Amino acid sequence: MFNFLKRKDVRRILKRKDSDAGERGRALEDLRASLFNQFRSSEGAKRQQKRICGPAAAMSFNFLIAVGIIFMNKMVLQTVKFKFPILLTLIHYVVSWLLMAVLNAFSLLPASPSSKSTHISALLTLGLVMALSTGLANVSLKYNSIGFYQMAKIAVTPSIVFAEFMLYRKRVSLAKGLALTVVSIGIAVATVTDLQFHLFGACVAVAWIIPSAVNKILWSKLQQQENWTALALMWKTTPITLVFLAAMLPGLDPPGALSFDWNLANTLVIFASAILGFLLQWSGALALGATSAISHVVLGQFKTCVLLLGNYYLFDSNPGKTSISGAFTAIIGMTVYTYLNLRQQSNKLSPRQATTLPKSKLSKENGTTHDGHYGAESV
């Protein structure tokens with residue numbers, strides 16, 4: 001009898017251990033599924049990007065990298081005397097693709113949404129406008145003066161407003177429109193002091209405006225509405241961009257790239273420029289995903305003002321009272337625009353209220369529809 005009870009206790013203990021092991025196994029499976037949802041699904045990766053890199057962090061990151069690449073590209077063009085703007089852009093994108101290939105090999109690249117959620121035509125269009133906007137910008141900077149280049153950049157803001165209205169019926173409020181007008185006037189007064197241009201360079205600058213505007217709009221739209229993260233979208237579109245850049249190379253770059261002095265020092269400078277180019281593309285994509293196309297343009301204009309005022313106050317550069325007053329005018333306009341954006345965000349529904357609304361009602365509140373369009377939205 002004693003032996004029978006002992007065997008019964010042993011069976012009970014073994015059964016309890018099996019039950020505990022099963023619970024631990026289920027807990028591990030739940031943890032594995034949670035980690036997969038966070039890192040290897042497009043929705044989870046998008047949530048992680050939003051949590052880690054909000055609007056302020058993304059725009060600060062983009063601002064710092066943009067300032068750094070200005071000095072690096074100046075070294076490439078003036079010190080190294082690399083006079084091949086399209087080839088330089090091509091090298092930037094090749095290095096970017098190689099870096100992302102390494103991340104993908106170690107399963108560190110965020111997952112992409114399903115192919116059904118994004119039309120291939122949207123990715124092809126984005127790849128094309130990326131090639132045109134970056135390549136033509138470098139060509140314009142080579143043939144035109146800085147003043148004419150800045151004038152072309154100012155034209156991007158109204159182009160974005162017009163394109164978003166025509167494509168998505170997205171409207172800009174009167175107050176924001178006035179603030180953007182003040183910003184554009186201030187930037188024009190601050191930077192457009194020399195309008196010397198080459199006829200071919202002027203045509204390139206005009207041709208650059210529309211692709212640059214569409215590029216920013218698509219980066220913002222695909223990330224905000226179709227669960228793309230910045231790196232996943234870069235991974236999908238960079239090969240397309242490389243094809244278009246290779247096609248542009250013979251027509252826009254001068255001959256002689258093979259005869260360039262590819263010594264170690266020059267190659268390292270160009271490679272460092274390419275690393276910053278990857279960071280600039282990534283930070284710009286993060287900023288566009290976290291904010292909007294117009295906000296990203298305003299950030300670029302703020303960078304111009306900071307560089308101008310920084311050179312004046314820190315390095316005794318004297319751009320003139322007119323340029324200084326224009327920079328301060330532009331910053332006032334940017335401050336008003338930022339205030340209007342923050343006020344609009346504070347007037348939106350709180351997250352707790354938003355979760356209680358049906359999905360269709362949320363789409364109407366946000367001015368979006370389920371087919372991927374902005375809808376009639378006022379911003």
Side-chain angles (χ1 to χ4, degrees), residues 62 65-66 69 72-73 76-77 82-101 112 118-144 149 152-153 155-156 159-160 163 167 200-223 228 230-255 257 270-271 273-289 293 296-297 300:
N62 184 239
I65 297 299
I69 202 170
M72 181 58 68
N73 282 345
V76 171
L77 295 173
F82 190 79
K83 304 297 183 182
F84 310 99
I86 299 296
L87 180 58
L88 180 62
T89 308
L90 185 66
I91 293 171
H92 282 194
Y93 277 99
V94 168
V95 172
S96 296
W97 186 85
L98 291 174
L99 290 173
M100 288 185 288
S112 302
T118 304
H119 295 293
I120 187 63
S121 59
L123 298 178
L124 288 172
T125 302
L126 181 56
L128 171 61
V129 296
M130 281 170 62
L132 291 174
S133 61
T134 52
L136 294 180
N138 287 335
V139 175
S140 173
L141 195 56
K142 176 184 176 182
Y143 286 98
N144 301 317
Y149 177 75
K153 287 182 67 176
V156 173
S159 298
I160 290 176
L167 294 174
F200 174 73
C203 294
V204 169
V206 172
W208 166 80
I209 294 172
I210 297 301
S212 179
V214 175
N215 181 43
K216 294 179 184 298
I217 292 170
L218 285 178
W219 271 105
S220 183
K221 175 182 178 292
L222 288 174
Q223 289 187 84
W228 284 94
L231 281 175
L233 194 53
M234 287 167 61
W235 175 245
K236 287 292 185 182
T237 55
T238 296
I240 303 170
T241 303
L242 288 173
V243 172
F244 286 114
L245 283 172
M248 295 164 58
L249 192 62
L252 294 176
D253 261 4
I270 293 172
F271 181 73
S273 172
I275 295 294
L276 284 178
F278 165 72
L279 294 176
L280 180 67
Q281 184 188 2
W282 183 27
S283 62
L286 288 172
L288 284 165
H296 189 251
V297 173

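Quick caveat: nothing in here was measured; it's all calculated off a predicted structure. Along the sequence shown, residues are numbered consecutively beginning with 1.
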Margin query: Set out, in order, the CA-CA distance, both residues' side-chain angles and the distance that settles side-chain contact (heavy atoms from CB on, under 4.5 Å) for F200 and L252, then state yes or no.
Written below: CA-CA 10 Å; F200 174 73; L252 294 176; 3.6 Å; yes
Checklist line | Verdict with reasoning, L288 to N62, per side-chain contact (heavy atoms from CB on, under 4.5 Å) | finding: CA-CA 10 Å; L288 284 165; N62 184 239; over 6 Å; no
Item checked: Spacing of CG belonging to L218 relative to CH2 belonging to W228, to within rounding of 0.5 Å -> 12.5 Å
Check: Does the side chain of T134 come within less than 4.5 Å of H92's, by heavy atoms?
Finding: no
Check: Hey, does L87 have a side-chain heavy atom less than 4.5 Å from the side chain of F82?
Finding: yes
Notebook entry, point to check: How close do L90 and A246 get, heavy atom to heavy atom, and via which atoms?
Noted result: CD1-N, 4.3 Å
Notebook entry, point to check: Does the side-chain contact (heavy atoms from CB on, under 4.5 Å) test come out yes or no for W219 and M234, once each step is laid out?
Noted result: CA-CA 10 Å; W219 271 105; M234 287 167 61; 3.5 Å; yes
Notebook entry, point to check: Which distance, rounded to the nearest 0.5 Å, do you find between the OG of S220 and the CG of N215?
Noted result: 11.0 Å
Notebook entry, point to check: Roughly how far, to the nearest 0.5 Å, is CD1 of I275 from CG of L280?
Noted result: 13.0 Å
Checklist line | Heavy-atom closest contact (A274 atom, V95 atom, distance) | finding: CB-CG2, 3.6 Å
Item checked: Heavy-atom side-chain proximity of L132 to V214 below 4.5 angstrom -> no
Notebook entry, point to check: Are any of the side-chain heavy atoms of V204 and Y143 separated by less than 4.5 Å?
Noted result: no
Checklist line | Distance-minimising heavy-atom pair for A213 and S159 | finding: CB-CB, 3.9 Å
Check: Taking the six-membered ring for Trp, are W97 and W235 parallel (under 30°), tilted (30 to 60°) or perpendicular (over 60°)?
Finding: parallel
Notebook entry, point to check: What distance do I270 atom CD1 and M72 atom CE have between them, rounded to the nearest 0.5 Å?
Noted result: 11.0 Å
Checklist line | Donor-acceptor contact present, side-chain S212 to main-chain W208, <3.5 Å | finding: no
Check: How long is the span from the CD1 atom in I240 to the CG atom in L123, to the nearest 0.5 Å?
Finding: 5.5 Å
Item checked: Passing candidate, side-chain contact (heavy atoms from CB on, under 4.5 Å) with I86, options I91, L249, L136, N138 -> L249
Next item on the list: Specify the closest pair of heavy atoms between G135 and M248, including all atoms of both residues, with the distance to one decimal.
Entry: CA-CE, 4.4 Å
Next item on the list: State whether the number of non-hydrogen atoms from other residues, nucleotides or ligands found under 6.0 Å of F271 atom CZ is greater than 12.
Entry: no
Check: Hey, what do you get for CD1 (I65) to CD1 (I69), rounding to the nearest 0.5 Å?
Finding: 8.5 Å
Margin query: Could you tell me if the side chain of Q281 sits less than 4.5 Å from the side chain of M130, heavy atoms only?
Written below: yes
Item checked: Closest contact, heavy atoms only, A152 versus I209 -> O-CG1, 3.8 Å
